[in-house]
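Heads up: the structure comes next, in structure tokens.
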2 protein chains.
Amino acid sequence: MTTRRYDPDRRDRIIDACLDLVAEVGVAGVSHRKVAARADVPLGSMTYHFAGMDELLREAFGRFARTVSDGFERRMREATDLDGARAAVVAIITEDLFGTQRDLVLTHELYTLAAREPAYRALTNAWMARSRAALERHFDPATARLLDALIEGLTIHRALDTEAPLPGTVTEAVRRVTTPR
Amino acid sequence: MTTRRYDPDRRDRIIDACLDLVAEVGVAGVSHRKVAARADVPLGSMTYHFAGMDELLREAFGRFARTVSDGFERRMREATDLDGARAAVVAIITEDLFGTQRDLVLTHELYTLAAREPAYRALTNAWMARSRAALERHFDPATARLLDALIEGLTIHRALDTEAPLPGTVTEAVRRVTTPR
DNA sequence: ACATCGAGCGTACGGACGTACACATCGCCC
DNA sequence: GGGCGATGTGTACGTCCGTACGCTCGATGT
């Protein structure tokens, strides 16, 4: 029989399907049924593995945040000196985060949830704490904080503003912020 | 008779009710019925005044963006010199935007829509263009751009990060970004 | 070989949703 | 004053939703 009984990755597959779906149609557009179809699991599996949509979303965004955060940390770890660190920050802004529509959308969906519900804020807190810690390998705490905010803002504006950015803008921004006086 | 026939503000009331509702339960949680109940209009009015939820949301967020943008512009217009402008930017970050949970949530809801659907990106574009123009009363274009991004990032981090900000952080950030070398 | 048990599934139910459309009510013009 | 477009409303329909729950069937121990 081709029954699928015993399939230990099922739970993971559901989470991944959920993330994909959120990226496509937004939190507003997901339903147990759509996720189930996308993950190719029976509807009943949804309530079996997750207490409700909220639990599923929290796990999905937890995974997402961890993934992005890992990339961030790697970039910063690979930088060996101050200029390298600056370059890494520029790369994060212009390549990593701007790169895929998917990550952009998911990030905003998460922020939106976090803005309203404290449960999700735990995820954003952890994420930001990791970013700051990674930056503090190379910069003093106050600068790390500013840099983190700057990364956020530049990323958003690059994504949500069709106006072409002036070349060198990002590099210049990083230089200013990382230059105390 | 207490019939409500002729009530020219009805359309506006619906839009306001929609914004309130979005702030409370998110775009994911709004429905024609809930908006109608909140605005105290019959369900039929919804489809009568708006072609669909999308049209309503676009109008609602258009109004919201314009309102916030007006405040921003006023702040910048009232500043008379460079230091005044810097102080105005600090005030925007620490008072205006961080002030109310409602505005925070609505901003993110809008960004989320804009991240996925180009139709909403027109709104964010216009908003950002106005911000930049207002900043350019006092700063050169490149700096205005950076400042705008910085405002964005600092606001978000203040809102989504429970870690208490170091005092003077914002002031220092604005000083660094507005000091070319 | 087979009994048992619990993990996992399919289905069916009640409710909320958006929308279409027939109808009520109004302002206006004669 | 009374008929008639235009404006606005109530309702009913089909769709899709989440979840509860009884049943199936594979794994395991003997």
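All chains are named by letter (A, B, ...) in the order of the sequence lines, taking the proteins before the strands, and each is independently numbered beginning at 1. The structure presented is a predicted model; accordingly, all values stated were derived computationally and were not measured.
Scanning residues 16-26 of chain A for heavy-atom distances under 4.0 Å to DNA chain D yields an empty list.
Following rounding to the nearest Å, B:Asp54 (CG) and C:dG18 (P) show an atom-to-atom distance of 12 Å. To the nearest angstrom, P of C:dG10 lies 12 Å from NE2 of A:His49. When the P atom of D:dG18 is taken as reference, atom CD of A:Glu55 falls 15 Å away, rounded to whole Å. Separating the CZ atom of B:Arg11 from the P atom of D:dT9 is a distance of 14 Å, rounded to the nearest angstrom. Taking atom NZ on A:Lys34 and atom P on D:dT15, their separation rounds to 16 Å, with Å as the unit. For the pair B:Tyr48 OH and C:dA22 P, the interatomic distance rounds to 17 Å; values are reported in whole Å. Put simply, CZ on B:Phe50 is 19 Å from C1' on C:dA20, counting in whole angstrom units. Between the CE atom of B:Met46 and the P atom of D:dG10 there is a distance of 12 Å, rounded to whole Å.
Side-chain N or O atoms of B:Arg121 include one that pairs as donor or acceptor with a backbone N or O of B:Ala114 at under 3.5 Å. Between the side chain of A:Gln101 and the backbone N or O of B:Ala115, at least one donor-acceptor pair lies under 3.5 Å.
Under the 4.5 Å side-chain heavy-atom criterion for ILVMFWY residues, no single connected hydrophobic cluster contains both A:Leu21 and A:Val105.
Of the charged side-chain nitrogens involved, none lies within less than 4.0 Å of a carboxylate oxygen, so that A:Arg58 and A:Glu55 do not count as a salt-bridged pair.
Of the side-chain N and O atoms in B:His32, none sit less than 4.0 angstrom from OP1 or OP2 of C:dC17. Contact annotation: B:Ser31 reaches the phosphate of C:dC17 (side-chain N/O to OP1 or OP2, under 4.0 Å). An OP1 or OP2 oxygen of C:dC9 is reached within less than 4.0 angstrom by a side-chain nitrogen or oxygen of A:Ser45.
No side-chain donor from either of B:Thr94 and B:Arg158 sits under 3.5 Å from a side-chain acceptor of the other. When only modelled atom types and interatomic distance are considered, B:Thr169 and A:Arg145 share no side-chain donor-acceptor pair under 3.5 Å.
Under the 4.5 Å side-chain criterion, counting only non-hydrogen atoms from C-beta, A:Tyr120 is not in contact with A:Thr112. No side-chain heavy atom of B:Arg176 sits less than 4.5 Å from a side-chain heavy atom of A:Thr179.
Distance from the side chain of A:Arg10 is smallest for C:dG8 among the nucleotides D:dG10, C:dG8, D:dC17.
Taking CD1 of A:Ile156 as the reference point, atom CD1 of A:Ile93 lies at 11.5 Å (rounded to 0.5 Å).
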Identify the pairs formed between an N or O of the protein and an N or O of nucleotides 12-15 of chain C at a distance under 3.5 Å, and give each distance.
none

